[in-house]
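Everything below concerns the one structure shown next.
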Number of protein chains: 2
Amino acid sequence: MTLEEGKQRFIQSWGTLGSNWGINRTMAQIHALLLIAPQSMCAEDIRTELNISMGNANMNLRALIDWGLVYKELKPGERKEYFVAEKDMWVVIRQIITHRKKKELEPMIRVLDEVAGVQEVCTESEEFCKVVRDLQLFSNKADSALDTLVRSDSNWFVGTFMKMIK
Amino acid sequence: MTLEEGKQRFIQSWGTLGSNWGINRTMAQIHALLLIAPQSMCAEDIRTELNISMGNANMNLRALIDWGLVYKELKPGERKEYFVAEKDMWVVIRQIITHRKKKELEPMIRVLDEVAGVQEVCTESEEFCKVVRDLQLFSNKADSALDTLVRSDSNWFVGTFMKMIK
DNA sequence: TACTGATTTCAATCAGTATTGAAAGTATTG
DNA sequence: CAATACTTTCAATACTGATTGAAATCAGTA
């Protein structure tokens, strides 16, 4: 496989993957492109490489910056902005986990806490509360597990954690 | 909060959550409804409770059965099918992890393996291969971690694993 | 076999997101 | 300050995937 084929395949797949992941396709593609770029790129470079509109590129670059996956880079003497991806994969993964946790797990925990207030006065409400309690148990555990994971460093994850779980 | 309010809140939220999760809204709502139902329900019960069409109910029930989250139940002397949710939360979570892993992680691993074949002959290809290798490292680790998690039992998860990670 | 009630399928439609592109905004330069 | 180079916004549009409902299919029953 040539570099050009590999790049194309990687960018396209990252985009598709992104969508099965709740992340929008263009955002994932820009991320892929910057990840494998040996140096920073400007909006125009990205726009032409991916064949997307200015507006789209801009919005998704901002989202990536917001996620902490891409940084702006200003070149001295140049007016336009350049962009670089965070290349430390452990940081990348941590940011993704943090964002997905916020979007997927935390709202669930809030809802469970809310509905946990139902009084157990009949078979139906007992069943309801039991389900809610079970879900709370697991979601709180998952929440703290992910917190620990995010706070820990790469070596700990790859080394200790993985040995433990084997 | 009354039972009725709690139920509504739970079902609606589970639906919304479902969509930030890559799971379709109706599928998540049906699942929520069956989870908290004290006994099995038929398609018509579900249809009226959630105000959805026959076709929709049928398709999503099928998907839930496919995910191993809901079972058919045949009542003797009754022609129509009833449905019950898997109530063991550990099983539920395992099934969800298994399915999401298949949809989100495994395709990524396949793509990485494919593009890992690029020859390192210049700065650009070196950068590319480095990124791919880093991603492979983490995705393979995550893959085996999730396998272990899915194979392990509830007590181990809640007990041992959680103590380790604390 | 014909009838009935239940389930499944699928083309048409709908709704929610993503994308575009033109217009407005901002900052730098001479 | 006006021109230029770039960035951001946002209403209109296009896409994608979810949903409907009518028709087809299936399975018991008489």
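Order of the sequence lines fixes the chain letters, A, B, ..., with proteins taken first and strands second; residue numbering starts at 1 for each chain. All heavy atoms count here, side chains included; hydrogens, waters and symmetry mates do not.
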Quickly, which of N60(A), V92(A), L61(A), T26(A) forms a side-chain contact (heavy atoms from CB on, under 4.5 Å) with H31(A)? Name it, please. V92(A)
According to the Watson-Crick and G-U wobble definitions, with both distances under 3.5 Å, which nucleotide is paired to dT29(D)? dA2(C)
Should dG21(C) form a Watson-Crick or G-U wobble pair with both distances under 3.5 Å, which nucleotide is its partner? dC10(D)
Interatomic distance where [atom1] belongs to [X] and [atom2] belongs to [N] [whole Å]:
X      : N       : atom1 : atom2 : result
N24(A) : dT16(D) : CG    : P     : 13 Å
I23(B) : dG16(C) : CD1   : P     : 19 Å
L74(A) : dA5(D)  : CG    : P     : 19 Å

Do [X] and [Y] sit within salt-bridge range, that is, some charged N less than 4.0 Å from a carboxylate O?
X       : Y       : value
D147(B) : K101(B) : yes
E127(B) : K130(B) : no
E86(B)  : R94(B)  : no
K80(A)  : E44(A)  : no

Using a 4.0 Å cut-off on heavy atoms, which residues in residues 25-48 of chain B reach DNA chain D? List them by number, or say none. R25(B), T26(B)
Does any residue of residues 78-85 of chain A have a heavy atom under 4.0 Å from DNA chain D, and if so, which ones, in number order? R79(A), K80(A), E81(A)
Residues from residues 52-62 of chain A sitting under 4.0 Å of DNA chain C, heavy atoms only? I52(A), S53(A), G55(A), N56(A), M59(A)
